[in-house]
Novice: 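So that we are looking at the same thing, I have put the structure below in structure tokens.
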Protein chains: 2
Amino acid sequence: MTTAKRDTYTPESLLSVAVQVFNERGYDGTSMEHLSRAAGISKSSIYHHVAGKEELLRRAVSRALDGLFGILDEEHARVGRAVERLEYVVRRMVEVLTAELPYVTLLLRVRGNTATERWALERRREFDHRVAELLKAAAADGDVRGDVEVRLATRLVFGMINSIVEWYRPDGRGMGEREVADAVVQLVFSGLHRSR
Amino acid sequence: MTTAKRDTYTPESLLSVAVQVFNERGYDGTSMEHLSRAAGISKSSIYHHVAGKEELLRRAVSRALDGLFGILDEEHARVGRAVERLEYVVRRMVEVLTAELPYVTLLLRVRGNTATERWALERRREFDHRVAELLKAAAADGDVRGDVEVRLATRLVFGMINSIVEWYRPDGRGMGEREVADAVVQLVFSGLHRSR
DNA sequence: AGAGTAACCGAACGATCGGTCGGGACAAGG
DNA sequence: CCTTGTCCCGACCGATCGTTCGGTTACTCT
């Protein structure tokens with residue numbers, strides 16, 4: 001067969017270990033020594049699989065960004081009434097966030113110290129802008145309240161959704177992905193008050 | 001007079017410079033060399049004013065936490081109907097966030113690598129818990145929807161409020177503190193849909 | 001004028017940083 | 001058997017980390 005047994009590291013399997021450590025200690029707070037201990041191989045062996053620390057970061061944020069931008073290509077995000085497309089995107093964002101949790105977490109914590117980080121920030125801004133346009137269209141349709149500025153509302157809604165990475169943990173049967181998505185959609189569109 | 005002219009650094013004025021750099025580069029991504037350049041004094045001179053890098057972090061997060069916990073001691077947060085106390089706390093949180101922006105920003109990005117950071121995380125959790133109890137009481141009064149779990153709703157609302165530090169900038173006349181507070185209260189309690 | 005001290009500096013400390021290097025263990029294919 | 005390539009290692013590189021130290025200004029108080 002072409003694919004032999006894999007009891008050794010691939011760039012991908014090493015990435016999943018690295019991203020976990022990055023999220024625990026922060027990217028800057030993580031040394032290659034930390035990574036080698038978590039992976040169970042020596043520091044120099046890591047360089048057999050990846051070019052360096054920054055490549056691990058780039059691979060991770062790329063994966064997260066691909067997941068997010070993929071949402072916008074889906075049919076329900078492209079056709080239909082703006083407010084319904086918006087609700088679909090919000091729900092799918094929660095799903096992508098939880099499915100690719102460690103990668104998205106890392107993406108959302110990037111600060112911009114290196115070229116890779118600045119590229120990630122730029123692509124994030126682009127995604128935010130695309131969703132803001134959706135909200136703007138929904139407001140123009142009259143399906144969304146007009147007394148809160150679109151740009152401000154977008155930022156607050158993103159803040160709520162993105163904050164999921166700070167506490168959501170998929171393992172223990174604490175909370176389902178569907179339950180979180182439902183709650184977010186409820187709060188974003190109807191708020192805390194008793195439903196009308 | 002006792003207070004002479006101050007064209008030199010105090011622990012407080014040095015802190016405001018340090019916190020700004022911490023927020024730009026991240027705490028771990030900031031070296032004492034970075035701080036010395038931003039402050040305009042040599043690296044060793046910093047140690048004349050503060051004990052070290054970690055003390056700067058401790059002073060900063062302490063100031064942020066004092067501001068937040070101070071809210072809970074105010075009269076409107078202690079007496080009255082739970083849902084109204086909750087709205088008051090939410091509004092005051094936005095005010096404290098914007099007033100002490102760099103300090104709260106730093107607090108919200110702490111990861112837990114050192115004892116100081118773990119202490120900050122613990123106190124944050126305590127504050128979150130206090131607000132969660134307020135939301136729970138409002139739900140028991142029937143003033144807040146019951147179909148979204150209290151713990152989940154608290155986390156999402158905190159996520160929205162805390163995300164303000166990611167984009168709010170007080171300088172240019174871009175957006176007023178009052179406008180942000182109004183928008184947050186509107187979205188948290190009534191959501192995006194047209195007001196009932 | 002002289003003493004005291006707050007504010008600051010350059011040089012250097014041991015430790016750790018991300019990354020390199022030459023080579024060893026081992027399995028596959030001839 | 002020997003070669004080839006994958007996977008990994010310990011030792012080491014120059015650079016930078018947070019911090020310390022001895023010493024020099026410059027201002028205040030007597």
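Here is how names work: the chains are called A, B, and so on, in the same order as the sequence lines, proteins then strands, and each is numbered from 1.
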Novice: Answer whether the closest heavy-atom distance between the side chains of A:R124 and A:N162 falls below 4.5 Å.
Specialist: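 Side-chain contact under 4.5 Å: yes.
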
Novice: Residues from residues 30-48 of chain A sitting under 4.0 Å of DNA chain C, heavy atoms only?
Specialist: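 Hits under 4.0 Å, by residue number: A:T30, A:S31, A:M32, A:K43, A:S44, A:Y47.
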
Novice: Within this structure, what is the CG-to-P distance between B:D28 and C:dG18, rounded to whole angstrom?
Specialist: 11 Å

Novice: Both B:H49 and A:Y27 contact DNA chain C. Which one's nearest nucleotide lies toward the 5' end?
Specialist: B:H49

Novice: What is the distance from OH of B:Y9 to P of D:dA26, rounded to the nearest Å?
Specialist: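 Whole-Å distance recorded here is 19 Å.
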
Novice: Does A:D143 reach the main-chain N or O of A:A138 with its side chain, forming a donor-acceptor pair under 3.5 Å?
Specialist: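 Such a contact is absent between A:D143 side chain and A:A138 backbone.
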
Novice: Using side-chain contact (heavy atoms from CB on, under 4.5 Å) as the criterion, list what pairs up with B:E55, not counting sequence neighbours.
Specialist: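 Residues passing side-chain contact (heavy atoms from CB on, under 4.5 Å) with B:E55: B:V50, B:A51, B:R58, B:R59.
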
Novice: Whole-Å distance between C:dG19 P and A:K53 NZ?
Specialist: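 From A:K53 NZ to C:dG19 P: 8 Å.
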
Novice: Counting N and O atoms only, with roles assigned by atom type, does the side chain of A:E117 sit under 3.5 Å from a partner on the main chain of A:V110, one being a donor and the other an acceptor?
Specialist: no

Novice: What is the separation between atom CD on B:E54 and atom C1' on D:dC17, rounded to the nearest whole Å?
Specialist: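 Distance check: B:E54 CD to D:dC17 C1' gives 15 Å.
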
Novice: Using a strict 4.0 Å threshold on nitrogen-to-oxygen distance, state whether B:R145 and B:D147 make a salt bridge.
Specialist: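 Looking at B:R145 and B:D147, the cut-off is met.
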
Novice: A:L56 has an atom CG; how far is it from atom P of C:dG18, in whole Å?
Specialist: 11 Å

Novice: Under the criterion side chain to side chain donor-acceptor pair (under 3.5 Å), I'd like the reasoning laid out for A:E177 against A:Y168: C-alpha separation, chi angles, the key distance, then a yes or no.
Specialist: CA-CA 9 Å; A:E177 171 191 312; A:Y168 181 80; 5.2 Å; no

